[in-house]
Amino acid sequence: MVLLDGLFLIGKSQKAWSQTKFGIHMRQELPHQVGDLSLVYSKPNRQRATIKKRRDNNGVAIPSPQSQSQPDFALFHGPSLVGWTNVELLMEHSSKSYTDTTHVNEVHNKWCKNAEQVFRYQPFRRFLLGILFIRPVAYISYLDHTENVLSSPLLIMQERSHTILLQEFLTAFIAQPDHRGQNLDARERDGDIYFAQSWWHEIDVLYYKPLIHSRHVRVAVVEPTKDLASTNQGQKSSSESDAVELSASGVVMKTSWEYIPPVGAPPSTEVDILKVLFEANVKGLPYPYYLDKAVVGDSHGTVTTARFPDYVTHALPAKSNGRSRQLTQVMLSYCQPLTSIVTSVDSRMLMRIVRDAAIVYYDAYISPDHGFLHGDISPGNIVIPLPNSALTGGITSEDRAGSLIDWNLAIDANGMTNSHPTGGTPGYTSPWFHSLGTITCRRLAHDMDSFFLVLLQSISVVPNELRAEHCPAMKFLKAVADLHLGPEQSIPQSLWTSLEAFMARKFAEDIKFLICMKKLGNVLCTGRRIDETVEEDRIRFRECMKVFDSYFGDYKGETECKNLEIQRSEREDQNASPPIQYMSGRRK
């Protein structure tokens, strides 16, 4: 590679660092094809050659680099650049001096924005590397789901050793495809995903939140491919893997980068929590598959954000003390999200969905030796089992019209957590976190407030641009919380009247439904104290179940909750039974 030798000989002139001249030199000295990589160059003030567009599962064209903030140079894998889906290295260039620290930050921020686009369309990527050429130095840049690191300036036009260092970095990057940041054990192959020694095809993306320094969650409906081809490493194809009997409703795969809990902490990753819930025989959850393979590993062990590639450690500073993330893939039986039907569901079905989801919630709260509070009750995390959905505990959609997913923010039943106790989805978190003073732990009542907000938000008609935390439903409950109602009081009718103005007609005209909502509100919102006991919380929950049951004219909620409490009491008396073995063989 003579690129950096050429740069070293150019000199320090600003003219040599203009983007046109720098780009011409880059293209002359760096061949268009470098190993398995190709160079793309963004010409200033010109439209680049047409780049093939790739479409997502909804038929929407994936934005290509030139349609947004485009990198000055990029190395990509394959015969042509397909949006951001095969970018491997991003480079930025500036003819301004690196002594202007504000400008260096601006160039780095531009690189980071482009890097985030790469992660958006490469959800299994662990990290991304890049180079910033800012006259007359270079920086090596690194980004992953935890860290954002920039090297010290490399004086490539003054110090020969710095030039060699950067040259060695590029040489190693080109020569080691397995160490460029892609995770080869959770990689894509023409849109297919490798998981649990099988290839899976994405049918539809249900949810995607590509936040690089957050969970970076992607949820998709998948199916096993019928391809009999195995990988170069001789791994099994889908037909050869240790198959389990999958749900007839289909399965969904949730890929996310989750914080690794501190050593000795209670189970706080979703994978660990699902294992506990499964072993405790919690009924009505979407059935989990391959839980033993949910924490993704590669040849180095668990795929985490805790390490730099070896060939770049000499250039980058020591890692910060921030918590690392690990790649997880959770596969569940498909159930329909409440968000997809909330505008069409009638009042009776909405009540049944929420009541049954609350029963599942209470099962997870009471059945394990150390139960859990979900911590993020919202329409996106309440699902409706289909007739052919597989549920835990051997029950069906006839038994549970509603269930829960996404236990990432769940905490133990005592309300202790490694994260902030008031976390959750904006617009669905309890206003009592703040109205009663500083809350140090979450309680059962707080999640019941979230269930009530799901009902309130679901029946309200508001402009699309109005965020959930500013909707009439949230304002209503905040106003109620600020009243500090005593145990013998009730929510003023004036507040209900103000809310009814925003209700959909089918709910506003359903008198029986409105009566039930008012009873639920009075049970939840009166007599609240910051020092309520666990037993008081359980009594309040059971009173809510009685209100639900009265609406339906049955005793389902109250009876199921009593049975769960009796079973827990008997188990404690008998010092618990041996845990159930999960994921062994086919589901009965």
Side-chain angles (χ1 to χ4, degrees), residues 1-4 6-8 10 12-34 37-51 63-78 80-122 128-143 148-151 153-154 156-157 163 166-167 169-170 173-174 180-181 312 315:
M1 182 187 297
V2 296
L3 167 65
L4 298 175
L7 287 178
F8 186 81
I10 284 179
K12 304 177 186 178
S13 70
Q14 182 171 354
K15 183 178 179 181
W17 277 79
S18 70
Q19 185 169 351
T20 300
K21 287 188 174 294
F22 192 91
I24 291 173
H25 180 76
M26 177 81 79
R27 292 174 67 84
Q28 287 175 344
E29 302 295 347
L30 188 64
H32 175 70
Q33 190 75 26
V34 187
L37 299 174
S38 300
L39 174 70
V40 64
Y41 163 46
S42 173
K43 298 179 181 179
N45 302 321
R46 292 187 185 179
Q47 181 67 35
R48 259 189 299 182
T50 301
I51 297 176
S64 54
Q66 79 270 22
S67 66
Q68 301 179 15
S69 174
Q70 60 185 30
D72 293 331
F73 307 94
L75 290 175
F76 63 91
H77 179 271
S80 62
L81 183 62
V82 185
W84 299 92
T85 59
N86 57 341
V87 169
E88 294 282 6
L89 182 93
L90 293 177
M91 292 176 274
E92 294 294 340
H93 160 272
S94 176
S95 59
K96 291 185 179 180
S97 172
Y98 83 105
T99 57
D100 184 347
T101 56
T102 301
H103 181 64
V104 172
N105 290 334
E106 290 174 350
V107 176
H108 185 220
N109 288 339
K110 181 189 175 187
W111 182 88
C112 289
K113 288 181 179 179
N114 286 323
E116 289 173 6
Q117 290 298 321
V118 174
F119 280 96
R120 179 182 183 88
Y121 297 106
Q122 299 182 34
L128 184 72
L129 289 163
I131 304 174
L132 311 183
F133 293 103
I134 305 177
R135 183 176 65 88
V137 304
Y139 298 85
I140 295 176
S141 188
Y142 173 96
L143 184 70
N148 184 353
V149 182
L150 194 65
S151 73
L154 302 176
I156 58 175
M157 291 190 173
T163 309
L166 187 57
Q167 182 169 311
F169 160 73
L170 271 173
F173 181 87
I174 294 168
R180 294 174 186 162
V312 78

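Remember, predicted model here, so these are calculated numbers, not experimental data.
- When all heavy atoms of Phe133 and Ala138 are compared, the closest pair comes out as CD2-CB, 3.9 Å.
- Proximity of Leu90 to Trp84: side-chain heavy atoms (C-beta onward) are separated by under 4.5 Å at one or more points.
- Interatomic distance, Thr102 OG1 to Lys96 NZ, rounded to the nearest 0.5 Å: 10.5 Å.
- Side-chain atoms of Arg180 come within 3.5 Å of backbone atoms of Phe173 as a donor-acceptor pair (strictly under, hydrogens ignored).
- Separating the NZ atom in Lys113 from the CD atom in Glu116 is a distance of 8.5 Å, to the nearest 0.5 Å.
- Residues passing the salt bridge (charged side-chain N to carboxylate O under 4.0 Å, His left out) test with Arg120: none are found, sequence neighbours excluded.
- Without hydrogens or angle criteria, Glu92 side chain to His108 main chain gives no donor-acceptor distance under 3.5 Å.
- Looking only at distances, no side-chain donor or acceptor of Ser141 sits under 3.5 Å from a matching main-chain atom of Leu150.
- The two residues Tyr98 and Pro136 come nearest to each other via the heavy atoms CD2-CD, 3.5 Å.
- To the nearest 0.5 Å, atoms CD (Gln167) and CD1 (Ile156) are separated by 11.0 Å.
- Taking 4.5 Å as the limit, every side-chain heavy atom of Lys110 sits out of range of all side-chain heavy atoms of Leu132.
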Discussion item. Quick one, Tyr139 with Val107, criterion side-chain contact (heavy atoms from CB on, under 4.5 Å). Give me CA distance, side-chain angles, the key distance, then yes/no.
Written reply: CA-CA 11 Å; Tyr139 298 85; Val107 176; over 6 Å; no
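- Between Phe119 and Leu143 there is a side-chain heavy-atom pair separated by less than 4.5 Å.
- No side-chain heavy atom of Leu154 sits less than 4.5 Å from a side-chain heavy atom of Val137.
- In this structure, the side chains of Leu170 and Leu89 come closer than 4.5 Å at one or more pairs of heavy atoms.
- Proximity of a side-chain donor or acceptor of Asn86 to a complementary backbone N or O of Phe76 within less than 3.5 Å is not detected.
- Here the straight-line distance linking atom OG1 of Thr101 with atom CD of Glu106 works out to 10.0 Å at 0.5 Å rounding.
- In this structure, CG in Asp100 is found 9.5 Å from CD1 in Ile134, a value given to the nearest 0.5 Å.
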